Amino acid sequence: MAASLQISGVKTAPSHSFPKQTSFHCRSAFSSQLNVGSFRSTDSYRRLRHCCKSREFKVSCEGGNVDVIERNEVEKSTLGEAKNELTCVMKFGGSSVASAERMREVADLILSFPNEKPVVVLSAMGKTTNKLLLAGEKAVSCGVTKVDTIEELGFIKELHHRTVDELGVERWIVDGHLEELEQLLKGIAMMKELTLRTKDYIVSFGECMSTRIFAAYLDKIGVKARQYDAFEIGFITTDDFTNADILEATYTAVAKRLNDDWNSNPAIPIVTGFLGKGWRSCAITTLGRGGSDLTATTIGKALGLREIQVWKDVDGVLTCDPNIYSGAQPVPYLTFDEAAELAYFGAQVLHPQSMRPAREGDIPVRVKNSYNPNAPGTLITGNRDMSKAVLTSIVLKRNVTMLDIVSTRMLGQFGFLAKVFSIFEDLGISVDVVATSEVSISLTLDPSKLWSRELIQQELDHVVEELEKIAVVNLLQHRSIISLIGNVQRSSLILEKAFNVLRTNGVNVQMISQGASKVNISLVVNDNEAEECVRALHSSFFESELPGLDQCGSAY
Ligand SMILES: Nc1ncnc2c1ncn2[C@@H]1O[C@H](COP(=O)(O)OP(=O)(O)O)[C@@H](O)[C@H]1O
Ligand SMILES: N[C@@H](CC(=O)OP(=O)(O)O)C(=O)O
């Protein structure tokens, strides 16, 4: 039976583009509502096509009109063509590929989705990145002749050899990299220095080896796979070693390379997470710790894929860090804004920048557990029903430095805030949380963002010295930011409950900021009280049976 479908919100559109922020609600003749969401600009057309494709509809945009046709109406040839496109990204973190057994399970997991044509993104095996960094640090002082005795080097060699042996693939797949790694460590030992650029080069061996092993294993079991080093296929970044940003040119370059290869000779792409190539230096860069999530979302946006899956060792994004409280519960739905805020304010589960490409491409991100694939996980999208949402998750960021800055001038002086922020801009320091009055300002400094390095005492002293030219400054260290991620429209309820808990626990909040964020209220407390506060808040918000406190809401 022919289906007539309507798209509300679209009248006519110029070929392959839609009005800004158009909402599409596709409805079939049988009235089964298909809620595709809202899309922007030219990318949107691809997204709409993908959403409909997965639900057995075809979309075309000819002569300014948008047509949605039920798939059984579509000629077979078009269907075949569409079915062959890459469909989603599946990213597996270090914990998911920590051993040969885990790699086998991950391969089975990928193959358990026969309808997917995934781009696979992998991190380094287990704790390899940490071991590589430690090996580099030890090489600085151990002397060239002692490099082969560095414990971490031995560990890395043994882990990768054991893995290839157990998977039954050839050792030469990793031997070249292991030899080069040892040479590099000898170079570091000779120079007695480890630059940020060299650190990025060292850690790149982890992802370069895990992807080669996995691709070889897939080939061995009869699944065509092709390994890619991200820095060779168009991941162009700034030259901020250890914390590089992805540049715009990446999207077209990566899409062209992966699509061209796929179209000419289909094989599952296995791409190194975390790595890029500096646009000036042409050297290997890294995207900051946990950066493989960002690699995955960048590929998702570049190819306009239907979904980005990030497979972890937890049942999704949880109501708080399970290392602080083991009773943390999975959060079923999040918006990109909530997830970004959560990651920025310290939840290790997602890379802080990783939501940006997904949001820009409007591509859903699913956080899943590779150890428990049947668990529903967390679905992150542009919108969700917030009408019942109160609190979604509690996040802790430790070891934060706070500054209380009081103007030495009188009330009514303009330009005070501008001067304060220009000092931070000049020193390249990023500010997290801010609360202001006309003559005073309290703020926290991001501990990891001073030209990509840790904020060190000497630099803090310099900030204070500069600020003291215009203000009285009080430097407060060993503070923590507790971020309450949720529906800030219900801030009175959240704050009432939170302060009740904190008062009962005798905790004094030193700063509070709701800021411009619509999803986050931040509280600053002493480091040594912070974990207990999180546990108490968790118990009050997520474990008490108050009516009307549906913390999670439902999907849009
Ligand atoms: N709110 C949170 N939700 C889920 N996991 C969290 C949260 N906060 C911290 N974590 C930690 O993040 C870990 C998963 O992130 P990560 O180690 O980067 O995964 P992967 O290496 O598999 O990509 C979990 O094992 C958990 O300990
Ligand atoms: N291996 C890198 C990149 C990464 O994203 O790892 P993971 O996915 O295991 O967090 C790191 O440890 O930072």
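Atoms within each ligand, like the ligands themselves, are counted from 1 in listed order. Quick caveat, the model's predicted, so the values are computed rather than measured. One-based numbering along the sequence shown.
- Put simply, part of G316 is less than 4.0 Å from ligand 1, judged by heavy atoms.
- A 4.5 Å side-chain heavy-atom check between V367 and W311 finds every atom pair outside the cut-off.
- Scanning the protein heavy atoms around atom 5 (N) of ligand 1, the nearest turns out to be V349 CB, 3.5 Å.
- Remark: minimum distance from atom 17 (O) of ligand 1 to any protein heavy atom is reached at Q348 NE2, 3.0 Å.
- Looking only at protein heavy atoms, the nearest one to atom 19 (O) of ligand 1 is K312 CD, 3.4 Å.
- Checked by atom type and distance alone, the side chain of R356 never pairs as donor or acceptor with a backbone atom of S354 at under 3.5 Å.
- If you check each of V395, L318, I485 against atom 2 (C) of ligand 1, the one with the closest non-hydrogen atom is L318.
- Atom numbering of ligand 1 starts at 1 in the shown order; those under 4.0 Å from a heavy atom of G93 are 20 (P), 21 (O), 22 (O), 23 (O).
- Taking a 4.0 Å cut-off on heavy atoms, C320 registers as neighbouring ligand 1.
- Using a distance-only test at 3.5 Å, with no hydrogens or angles considered, no donor-acceptor pair links the side chain of D313 to the main chain of S95.
- Atom CG of L159 is separated from atom CE of M125 by 4.0 Å, given to the nearest 0.5 angstrom.
- Geometrically, ligand 1 and V317 share no nitrogen or oxygen pair separated by less than 3.5 Å.
- At least one heavy atom of K91 sits closer than 4.0 Å to an atom of ligand 1.
- A 6.0 Å sphere centred on CD of E496 holds no more than 12 heavy atoms belonging to other residues, nucleotides or ligands.
- Considering all non-hydrogen atoms of both residues, V433 and M511 come closest at O-CE, 3.3 Å.
- Counting the atoms of ligand 1 from 1 in the order shown, those under 4.0 Å from a heavy atom of S95 are 22 (O).
- Within the 4.0 Å heavy-atom criterion, the part of N323 lying near ligand 1 is the side chain and not the backbone.
- Protein heavy atom in closest approach to atom 24 (C) of ligand 1: D313 OD1, 3.5 Å.
- The shortest separation from a heavy atom of P322 to ligand 1 is under 4.0 Å, placing the residue in contact.
- Not one N or O of S393 is nearer than 3.5 Å to an N or O of ligand 1, by distance alone.
- Surrounding NZ of K186 are more than 12 heavy atoms belonging to other residues, nucleotides or ligands, all under 6.0 Å away.
- Residues of the protein with a heavy atom under 4.0 Å from ligand 2 are K91, G93, G94, S123, A124, T129, E207, F274, R289, G290, G291, S292, listed by chain and number.
- Contact between A296 and V310 at its shortest, heavy atoms only, is CB-CG1, 4.5 Å.
- For the residue pair T198 / T195, a side-chain donor-acceptor distance below 3.5 Å is found, with atom types taken as modelled.
- At a heavy-atom cutoff of 4.0 Å, ligand 1 is contacted by the side chain of V314 but not by its backbone.
- For S123, no heavy-atom contact with ligand 1 is shorter than 4.0 Å.
- Remark: the backbone N or O of I246 is not paired with any side-chain donor or acceptor of T250 at under 3.5 angstrom.
- Partner of S370 under the side-chain hydrogen bond (donor to acceptor under 3.5 Å, both in side chains) criterion, chosen from K312, E105, R102: R102.
- Residue contact check: G94 has heavy atoms under 4.0 Å from atoms 21 (O) of ligand 1.
- Taking 4.0 Å as the cut-off between side-chain N and carboxylate O, E232 and R257 do not count as a salt-bridged pair.
- Taking 4.0 Å as the cut-off between side-chain N and carboxylate O, R359 and D337 count as a salt-bridged pair.
- Under the 3.5 Å distance criterion, the side-chain polar atoms of T211 are left unmatched by any main-chain donor or acceptor of I270.
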